[in-house]
Amino acid sequence: MIQYDTNERQFEVITTLDGLEDLLDKIGDGVAALDFETTSFTPQTGEVRLAQVCNKDVYAVIDFFAIGGFASVAKWFEDAAWIVFHAGFELRWFQYAGANPTCWDVGHLRRAIEGGGHFTLKKLVGWELGIEMSKEQQASNWSAPELSDEQLLYAARDALYTWDAWEKLKKRSDAGHMRAFNLLDGMLTAVIEMEETGLVLDRSVHQDLVDKWELLAVDREAEVRKMITEDEVANLNSGKQLSDFFSKIMPDHILEAWPRTEKTGALSTANDDLKQVGALVHGTPLQDTLILLSERSTLQKYISSFGTGLITRATMDPNRRVHARYNIAAAITCRFSSSAPNLQQIPRDRDFFGERLSVRRSFIAPEGKQLVSLDYSGIELRVLALLSGDEQLLDDMINGDVHLEVGSHMAGRKLDKKITADKEIRQSAKGVSFGIVYGITALGLSAAMKRSYEEAQSYIDFWASRYSKAFAFRDAVQTEAFDTGGYIRVIDGGTIWMGKRPSITKCANYPVQRAALSIMASAIIRHHETVVDLRSHGRDIRMASTIHDALIDEVAQADAQAALLAMKADMVGGYKDIFPHAPTDRLVEGGIGPNWGQLEDVEV
DNA sequence: CGAGAACGCGCG
DNA sequence: AAAGCGCGCGTTCTCG
């Protein structure tokens with residue numbers, strides 16, 4: 001039984017080429033909502049069965065099986081601009097059919113107004129239209145020769161609601177919102193390119209790495225088992241079982257000092273906490289056990305998160321590549337997220353059980369090619385300086401060294417960057433400055449640094465006096481949020497819903513993180529245009545990844561230098577788009593190399 | 001049996 | 001109020 005609202009608009013079903021031509025003529029070079037139903041998730045393995053279109057004049061469902069297929073008419077859609085939910089999906093089908101129509105993602109407009117996040121059409125329709133949407137037909141069989149009335153109706157409604165939601169959002173948006181929208185939406189084609197390019201995984205190199213981790217893990221397991229039997233703790237992965245065990249055997253004074261988990265109050269088994277408790281029983285076998293447990297946990301993390309899972313993904317791919325998703329504006333601040341797999345969390349190179357570990361070396365440029373990568377240096381502190389107009393912070397960022405300044409205060413003397421001990425102080429000063437960008441309190445900083453409250457407070461005081469405008473910025477943001485009932489206006493023109501009484505920590509960080517994203521978004525848009533242009537001139541160059549403040553291209557050996565220069569120009573350009581008068585000295589750094597772990601620094 | 005909470009940890 | 005921001009994901013465990 002089909003549930004029709006009596007006021008609901010009636011759609012027509014298009015089953016002929018003439019009918020499609022008439023429909024598209026009516027839309028002309030105007031704007032309409034569009035949604036596809038397809039027989040699979042990818043154009044390589046399926047077909048577009050239905051397209052639903054809707055605006056104030058038209059409301060129709062096109063049956064491509066009846067009119068002889070989608071591919072031959074895909075170009076007909078290039079005159080209009082299409083409003084789509086999750087436009088990357090529809091765009092892929094168009095591109096596969098050799099068409100490139102304008103697609104605007106309605107979700108990006110929502111994110112430009114409210115801030116980013118992950119949501120379905122059903123959610124959006126609930127928020128914007130107050131309608132409870134049924135999605136029961138979504139997984140139905142779109143290959144069937146005859147589609148049921150229910151199938152057609154539910155398909156049609158997706159376009160109707162997409163259109164209504166777009167109209168509603170347009171009414172709520174101003175010029176700033178549209179600027180932010182264009183920034184987010186403008187990244188669509190670049191993102192499709194990065195997702196399609198992926199990164200080649202050298203499976204044998206990576207397997208060797210995983211084998212090493214396995215050996216090290218087996219060794220730790222055996223050592224721990226000399227101290228903790230299987231009867232005592234059946235599964236060493238289980239924090240709960242470990243907590244129960246230690247609660248039983250440890251003396252009260254140790255248990256009192258043992259950090260607890262947040263929700264259940266169990267003994268924390270976080271690595272830092274295991275080591276900290278270990279220090280309380282310094283020199284005992286128990287300390288050894290706790291250290292071994294933390295080492296085992298690290299190895300377990302690497303094996304499960306960065307091990308054979310990646311190899312399997314590469315093996316499944318015809319080109320032995322790992323393809324991640326880059327989800328535009330998935331974070332509140334509209335930063336990207338990456339998923340399936342998350343290539344934005346591949347470990348950095350580090351010392352690892354006496355060796356230099358590089359997981360990133362497993363991601364290679366294929367024969368005859370190079371990876372080219374640049375990142376913005378210190379972008380968040382730079383952005384904070386620019387947003388707050390803090391000349392001292394900007395000057396230290398560009399002509400001096402913020403972390404050395406803060407470190408010198410901490411040490412009570414002038415630090416020398418060439419001395420190892422001073423480098424360590426500088427490193428911990430870096431942590432202080434980052435903490436401050438995140439809005440840390442003296443209490444939090446003292447815990448993080450394992451220093452007294454007074455000492456932590458003195459670092460914050462120093463920071464607040466040297467960079468007073470930057471430090472005061474958070475309060476201005478909070479005042480704005482209170483005044484507007486919870487919205488702040490960010491640098492690219494968009495707004496973010498902060499909640500009615502946002503914390504000072506969020507106020508300190510959101511505008512900064514957002515501005516960094518705005519810069520990168522602009523750079524990505526520029527760079528994709530550049531890359532398409534270079535390709536049309538015979539260069540072999542593709543965008544491959546973005547990791548928040550970094551870009552990676554995969555480029556033919558001969559084109560690597562040119563790609564690097566182009567990337568630099570685009571990243572500097574993106575920065576100047578957002579902060580036109582800001583200095584660009586020492587803005588980007590990076591290099592060229594055979595894999596992600598060996599990018600030789602190049603002066604740019 | 002599956003969904004979701006809790007914990008923990010990789011990245012910027 | 002929420003205790004330093006933002007993510008995704010693997011594992012364990014509980015709940016229905």
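The chains referred to below are lettered A, B, ... by the order of the sequence lines, with proteins before strands, and numbering in each begins at 1.
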### Task
Show your working on ring pair (Phe, Tyr, Trp, His ring centres under 6.0 Å) between A:Phe89 and A:Phe41 and close with a plain yes or no.
CA-CA 9 Å; A:Phe89 181 78; A:Phe41 290 119; 7.4 Å; no
### Message
Base of B:dG12, side chain of A:Arg335 - is there a donor-acceptor contact under 3.5 Å?
### Response
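Indeed there is one.
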### Query
Could a donor-acceptor pair under 3.5 angstrom be found where the side chain of A:Lys506 meets the base of C:dC5?
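Result: no qualifying N/O pair found.
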Which nucleotide, [options], lies nearest any side-chain atom of [X]?
X: A:Lys263; options: C:dA3, B:dC7, B:dC11; value: B:dC7
X: A:Thr441; options: C:dA3, C:dT12, C:dC7; value: C:dA3
X: A:Lys301; options: B:dC9, B:dG12, C:dC13; value: B:dC9

### Query
Which of parallel (below 30°), tilted (30 to 60°) and perpendicular (above 60°) describes A:Tyr459 and A:His409?
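Rings of A:Tyr459 and A:His409: perpendicular, over 60°.
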### Task
Under a 3.5 Å limit for both distances, which nucleotide forms a Watson-Crick or G-U wobble pair with C:dG4, could you say?
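C:dG4 is unpaired by these criteria.
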Hey, does [X] reach any base, or is it just sugar-phosphate, or nothing, if we go heavy atoms under 4.0 Å?
X: A:Leu443; result: nothing
X: A:Gly435; result: base
X: A:Gln241; result: sugar-phosphate
X: A:Ala340; result: sugar-phosphate

### Message
Taking only side-chain N and O atoms of A:Arg325, does any of them lie within less than 4.0 angstrom of OP1 or OP2 on C:dG8?
### Response
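No.
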### Query
On a whole-Å scale, what distance lies between the P atoms belonging to C:dA2 and C:dG6?
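It comes out at 11 Å once rounded to the nearest Å.
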### Query
Does A:Arg382 count as lying over the ring of A:Phe579, i.e. NZ or CZ under 6.0 Å from the six-ring centre, within 45 degrees of the axis?
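Cation-pi check for A:Arg382 and A:Phe579: fails.
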### Message
When you compare the side chains of A:Tyr326 and A:Ser545, does any donor N or O come within less than 3.5 Å of an acceptor on the partner?
### Response
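Side-chain D/A pair, A:Tyr326 to A:Ser545: present.
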